[in-house]
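Structure first, then comments.
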Amino acid sequence: MKDNLEYNHKKIENKWKEIWYKDNLYSTDSNSLKPKFYILDMFPYPSGVGLHVGHLKGYTATDIVARYMRMKDFEVLHPMGWDSFGLPTENFAIKTNKNPFDVTKENTRAFKQELINAGIGIDWNREFDTSDESYYKWTQWIFLKLYNKGLAYKKKSPVNWCPSCLTVISNEQVIQGLCERCGSKVELKNIEQWFFKITKYIDNLMNDIKSLDWPKSTKVSQDNWIGKSEGVRVKFRIKDSKEYIDIFTTKIETIYGTTFIAIAPESKYIELIKDKEKIKEIEEYIKNVSPQSEITRKKDVKTGLKTGLIAINPINGQEIPVYISDYILMEYGTGAVMGVPAHDNRDKAFAKLHGIKSIEVVNYKKGIINHGKYNGISIDIAKNKIISDLSSMAEKTIEYKLRDWLVSRERYWGAPIPIIYCKECGEVPVPETDLPILIPRDIKDYRPKGTPPLASSKSFMEVECPICHEPATREPKTLDTFVDSSWYYLRFIDPKNNRSIGNNTLLRKWLPIDFYMGGDEHATGHLLYSRFITKVLNEEGIVSINEPFLKLRHQGKLFGPDGRKMSKRWGNVVSAEFAEKTYGADSLRMYEMFMGPLSQSNSWDTRSMIGVRRFIDRVWKLQNILDKNTLNKNIDTKNINNLIKSISLNIESEKYNVCVSEFMKYLNEVEKLDTISKDSFRKFILVLAPFAPFIAEELWNIIGEKYSVHKQSWPTIIKVKEDKNDMYINLPIQINGKYRGNIKVLKDQEENEIIKILLKDTRFQDKIKEKDIRKVIFKKNIIINIIFDDI
RNA sequence: GCCUGGAUGGUGGAAUGGUAGACACGCUAGCCUUAGGAGCUAGUACUUGAAAAAGUGUGAAGGUUCGAGUCCUUUUCCAGGCACCA
C-alpha cells in the first residue's frame, strides 16, 4: 500500500475551505423542526492587528460544540458579526490616516478570512457589522424605545472624561482611574450627557443572575459592581440652624463613637457655611481638589478642612465638628459620613491627621455594644433599638454603587442619537419611520476635538421639527459601542429583516442563547448592559426572554511565548496565519484545545505544537492499516466504542483538552493492532470531525463516503459480544489501606472468593494470614482493602 | 483591605473519595539514515538499589475516613478582579 503518505495540510485545507464557503455548509435553517441550539461567541472589534492565536481559543471551542451538536441532530445557530462601531475602529482609522468606513471593510474582510482559514463553521449569510445602516437603524430604534419608556434621559452631572480620546466614557470603561482604551488618566467634567436608567433594574439584575449557569466569579463581579449595601440614613442637626446634614452608614451601632462629620467637596452642605473667611478658605481647598476625578484622588493622605459648622449627634446631643474632605465621595450615599475613628480605618486615618479623638463603642469580637445605654447588648438588637430611638431622625435605606449607564459620546464613529431639538417643541424623538439617522459623510475631519464631530456637518444638523415642521437641529452625539453590542445577539436570528428588529416567531424560537463564550473582561460591562437591554425589550414584548445568556463560559487568555500578554509592544504576537502555515489549521485547533482546561490561561509554545501535528500525521497514515476485507474484530469495536463514549462525555463536560488525549490514546491502541476496520475508521473520522474538520473531510472523501462529513450524525455504539477478556478484571489490592498490586479475577466476583484467591497468591500469602484479618472493605469490581489488627 | 480562582514530575497537564502523574512536550539510549530540527523502539516523579524491590511523594500543618490530590479546619504563596462605596 501507499507507504510514504505525506499529509499536505496546505493543499487539503485550501481545497475544502473554498468548497465549504461556496456551499455555505454551516447555514442554519431558521424554520427547521429539529431542536434548536444557539451558540455564540462574543463578536470581535475588527481592529487592525488581525487575528492571533488567542482569538481562536474561544472560537475553536464553540466551533467544536456547534459541530458536535449539529451531528447530534440539533439545528445549530453559530453566527459571527463584527463590533465595528466605536473607539477601537475609529482610533485605528485615525492612526492609519484612513476613514473608518474603509477600515471597517478591510479589517472585517481580514478577520473573516482568518476564521475561514481556521475552519470555524459559521453561517456567513447572517454576518453583519454594527456600523451597517441596516443594523444601527435598530440600535437607534432601541434608543427610542428606551426614550419613550423614560429610560433614556439627559442630565448634567460630573462624568468621566478621557483627555486623549476626547470623549466622555462610562464608569464601566474606567479601569482603576484610567481609560480602558488608551490608558490616559480620566478627568471629571460636569457636562450634559445621555444616560440609560439601568439602576431601575437593579433588583431584577441581582435576582435573575442567581439561576444562570455562569462562572461564579462573573456573578460575583456583577454583584460587587452593583454593590448593594443596606444601611441607615441619619439626620445630624446643625447647631444654631434649622438645617440638617444627612449621612449614610451601614454601622449604625457605632453612632455613639461619632467624633466628627465629613462631607464631600462637591456637597451642597457647603452652602450652610456662613462665615466669609471660612468660605474663602474652603473655596481654595475645593479648587485644589476638584479637577481630579474621585477615582484619582490620593488614597493615602486624607486631606480636609474644618468648616466651622457644628453638628449635633441625634443619639446623645453631643456637639461634633463638621469637616470637608476629599475622601468622601459625592456620588455614593449622601456625600456625607459620620466619622467613627474607632471602627473605620478611613475615619481613623483622617482623625489621626486632624487630631480628632476616638471613642470605642462596640466590641466586634464579642458581638456586643460596650458603651452607654446599650452596654452589653448584642449588635443586632442594638441596631434596631438605635434606629427606633432615633425615630424621625433615621431611616433604613439601601445604597448601590451602580450608576446609570452613560451612553453618549463626543465621537464620530457611532450611531447618531435620534433626537431633535426644536425651539418650540423642545426635545423631540425622531419618528421611527425616519430611521436610520445616517452618519454624515461630508465631514472632512472626523477626529475627536472634544465637541461632537457631527455638529460640524450642516447637512446633518439642520432638520425640520417632526412636530411643528419649523427648523430644528439634531443631537450631534453618538451612542457608545456598548449600546451596539448590547443587543446584537438577537439580530443574528433574522439579520436581513427590514421591517422589524426580528420576526417575532423566530425570536421566540431561537432565544435565549444556549451557550455564550467570551472573555471575562466583559463581566461588568457588556454582560451587564446586555442583560439590562434584554429586560427592557422583554417588557416591551419584543423578546419573550428575561435573560439573554443561559450558559456562559470564559476562555482563558493565551499569552505570548514569553508569558506576557500578546501585544505589538512586546513583539510576542503569534498570528493565526503563522501557526496555520507551519502545522496546519487542524493542528492549531487541536493544540489550542490540548493546552489545558479552556477557562485557564496559558502561554503559547510553538515547540509543543509538534505533538498534535504528529498526531495528525499518524491519523493520515491510518490509511495504511485500513482493513477493507475483514469484519470488525471485537477489540477494534470496543476501542471505537470507548472513544465515542469518552469524546461525547468530555465535550459535554467541556473538557476539550481531555478529548485530544483520548484521541491520542485511541490512536496508540489502534497502531498496536496494526489494523483498523472500515467501520471503526469511519466512526473515528466522524468523532474527529469537530476537532479537525479538514483532515476529517479529506479522509471521509478518500474512503468513498458522501460529502460532507460535517453533515453526518454522531456515530452510535454497536453492542459487542462479551468475550473471554471481558470476563476478567484487574482488581487493586490494598493492605491496611495501602496499594500492594492487583490480581486478575472474574468480573462481579464476591468478597470471600477473592480472599481465597489472595491467600493462595504467592505475592500476598506471606502478608495475609487469615486469622489476623480484622476487617475487609470490599467494593465489587473496584477495590478490596484488608485491614489487620496491628495497625 | 475585600472577592474569585489556583498550587500535582524538567514543562503543559490527567485523575465519579479507591492503582497519582493518563495524554503530550522535553530529555536519555538505541535503530534507521549521506544527513536530521524526519521517522521508529525503549526508558523517564524522587530517594536507596546492579536488579528485584522498598521507602517517600500532589504548597505547609492538622482533621474526617478502611482509604484523601479530591472532603473539613488553619496557613503560606501565586494569578486575576474590585476598592477611600461609609
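Numbers restart at 1 for each chain; the letters A, B, ... are given by sequence-line order, proteins then strands.
For A/T218 (side chain) and A/W214 (main-chain N/O), no donor-acceptor pair under 3.5 Å exists by modelled atom type. Between the side chain of A/Y666 and the main chain of A/I644, no donor-acceptor pair closer than 3.5 Å is present. Side-chain atoms of A/Y269 come within 3.5 Å of backbone N or O of A/D246 as a donor-acceptor pair. Of the possible polar contacts, none joining the A/H354 side chain to the A/T303 backbone as a donor-acceptor pair under 3.5 Å is found. In terms of modelled atom types and a separation under 3.5 Å, the side chain of A/T307 and the main chain of A/V322 share a donor-acceptor contact.
Residue A/I610 is in sugar-phosphate contact alone, with no base atom involved, counting any heavy-atom pair closer than 4.0 Å across all strands shown. Among the heavy atoms of the strands lying under 4.0 Å from A/K401 is at least one base atom, whether or not backbone atoms are also near. Contacts of A/S608 with the nucleic acid, taken as non-hydrogen atoms under 4.0 Å apart, involve only primed sugar atoms and P, OP1 or OP2. A/N602 comes within contact range of the sugar-phosphate backbone alone, with a heavy-atom separation under 4.0 Å but no base atom that close. Counting non-hydrogen atoms under 4.0 angstrom, A/D605 reaches nothing in the nucleic acid. Among the protein residues, A/K216 comes within range of the sugar-phosphate backbone only, with heavy atoms under 4.0 Å from sugar or phosphate atoms but none that close to a base. Nucleic acid contact class of A/S229 (heavy atoms, under 4.0 Å, all strands): sugar-phosphate only.
A gap of 48 Å separates the C1' atoms of B/rU16 and B/rA86, to the nearest Å. With P as the reference atom, B/rG49 and B/rG43 are 23 Å apart, rounded to whole Å. Taking atom C1' in both B/rU28 and B/rU64, the straight-line distance is 44 Å, to the nearest Å. Taking atom P in both B/rG63 and B/rA54, the straight-line distance is 28 Å, to the nearest Å. Using C1' as the reference atom, B/rG9 and B/rG13 are 11 Å apart when rounded to the nearest Å. B/rA45 and B/rC23 have their P atoms separated by 12 Å, given to the nearest Å. To the nearest whole angstrom, the two P atoms, one in B/rU33 and one in B/rU11, are 37 Å apart. Rounded to whole Å, the P atom of B/rU44 lies 22 Å from the corresponding atom of B/rU8.
Applying the 90° cutoff around 0 to the glycosidic angle, B/rG62 is assigned anti.
Distance CZ (A/F594) to P (B/rA22): 11 Å, rounded to an integer number of Å. The interatomic distance linking A/I786 (CD1) with B/rG67 (P) rounds to 15 Å, in whole Å. When the P atom of B/rA86 is taken as reference, atom CE of A/M338 falls 12 Å away, rounded to whole Å. With rounding to whole Å, A/W225 atom CH2 is found 7 Å from B/rC82 atom P. B/rC23 atom P lies 18 Å from atom CZ of A/F691, rounded to whole Å. As a whole-Å value, the separation of A/R740 CZ from B/rA52 P is 17 Å. Rounding to whole angstrom units, CD1 of residue A/I777 and C1' of B/rA68 are separated by 15 Å. The separation between A/E172 atom CD and B/rC82 atom P is 11 Å, rounded to whole Å.
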Under the salt bridge (Lys or Arg N to Asp or Glu O under 4.0 Å) rule, what do A/R613 and A/D617 come out as? Steps first, then yes or no, please. CA-CA 6 Å; A/R613 171 61 203 210; A/D617 282 332; 3.0 Å; yes
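For A/Q734 and A/S221, each mapped to the nucleotide of RNA chain B holding its nearest heavy atom, the one lying further toward the 5' end belongs to A/Q734. Mapping A/N742 and A/G333 onto RNA chain B by nearest heavy atom places A/N742 closer to the 5' end of the strand.
Applying the salt bridge (charged side-chain N to carboxylate O under 4.0 Å, His left out) test to residues at least two apart or on different chains, none of the pairs has a partner in residues 220-229 of chain A.
A donor atom on one side chain and an acceptor atom on the other are not found under 3.5 Å apart for A/W405 and A/E172. Side chains of A/R774 and A/N736: a donor-acceptor N/O pair is absent below 3.5 angstrom, by distance only. At a cut-off of 3.5 Å, with distance as the only test, a side-chain donor of A/E662 or A/S646 sits close to an acceptor on the other residue.
Minimum atom distance to the side chain of A/R618 is reached by B/rA24, of the listed B/rC66, B/rA24, B/rG18. Considering only side-chain atoms of A/I328, the nucleotide from B/rA24, B/rG18, B/rA86 that sits closest is B/rA86. For A/N785, whose side chain is taken as the heavy atoms from C-beta onward, the closest listed nucleotide among B/rG18, B/rA86, B/rA20 is B/rG18.
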Under 3.5 Å, which N/O atoms of the protein pair with N/O atoms of nucleotides 14-16 of chain B?
from, atom 1, to, atom 2, distance (Å)
B/rA14, OP1, A/N657, ND2, 2.8
B/rA15, OP1, A/K655, NZ, 3.3

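Helical stems of RNA chain B (runs of at least 3 Watson-Crick or G-U pairs, donor-acceptor distances under 3.5 Å) are listed by first residue: B:1-7 with B:76-82, B:10-12 with B:23-25, B:26-31 with B:39-44, B:45-48 with B:53-56, B:59-63 with B:71-75.
Cation-pi geometry between A/K302 and A/F350 is not met at under 6.0 angstrom from the ring centre and within 45 degrees of the axis.
Counting only heavy atoms from C-beta outward, the side chains of A/L731 and A/Q749 never approach each other to under 4.5 Å.
Between A/K251 and the phosphate of B/rA86, there is no side-chain N or O to OP1/OP2 separation shorter than 4.0 Å. Residue A/K738 has no polar side-chain atom (N or O) positioned under 4.0 Å from OP1 or OP2 of B/rG57. Distances shorter than 4.0 Å separate some side-chain N or O of A/R614 from OP1 or OP2 on B/rG26.
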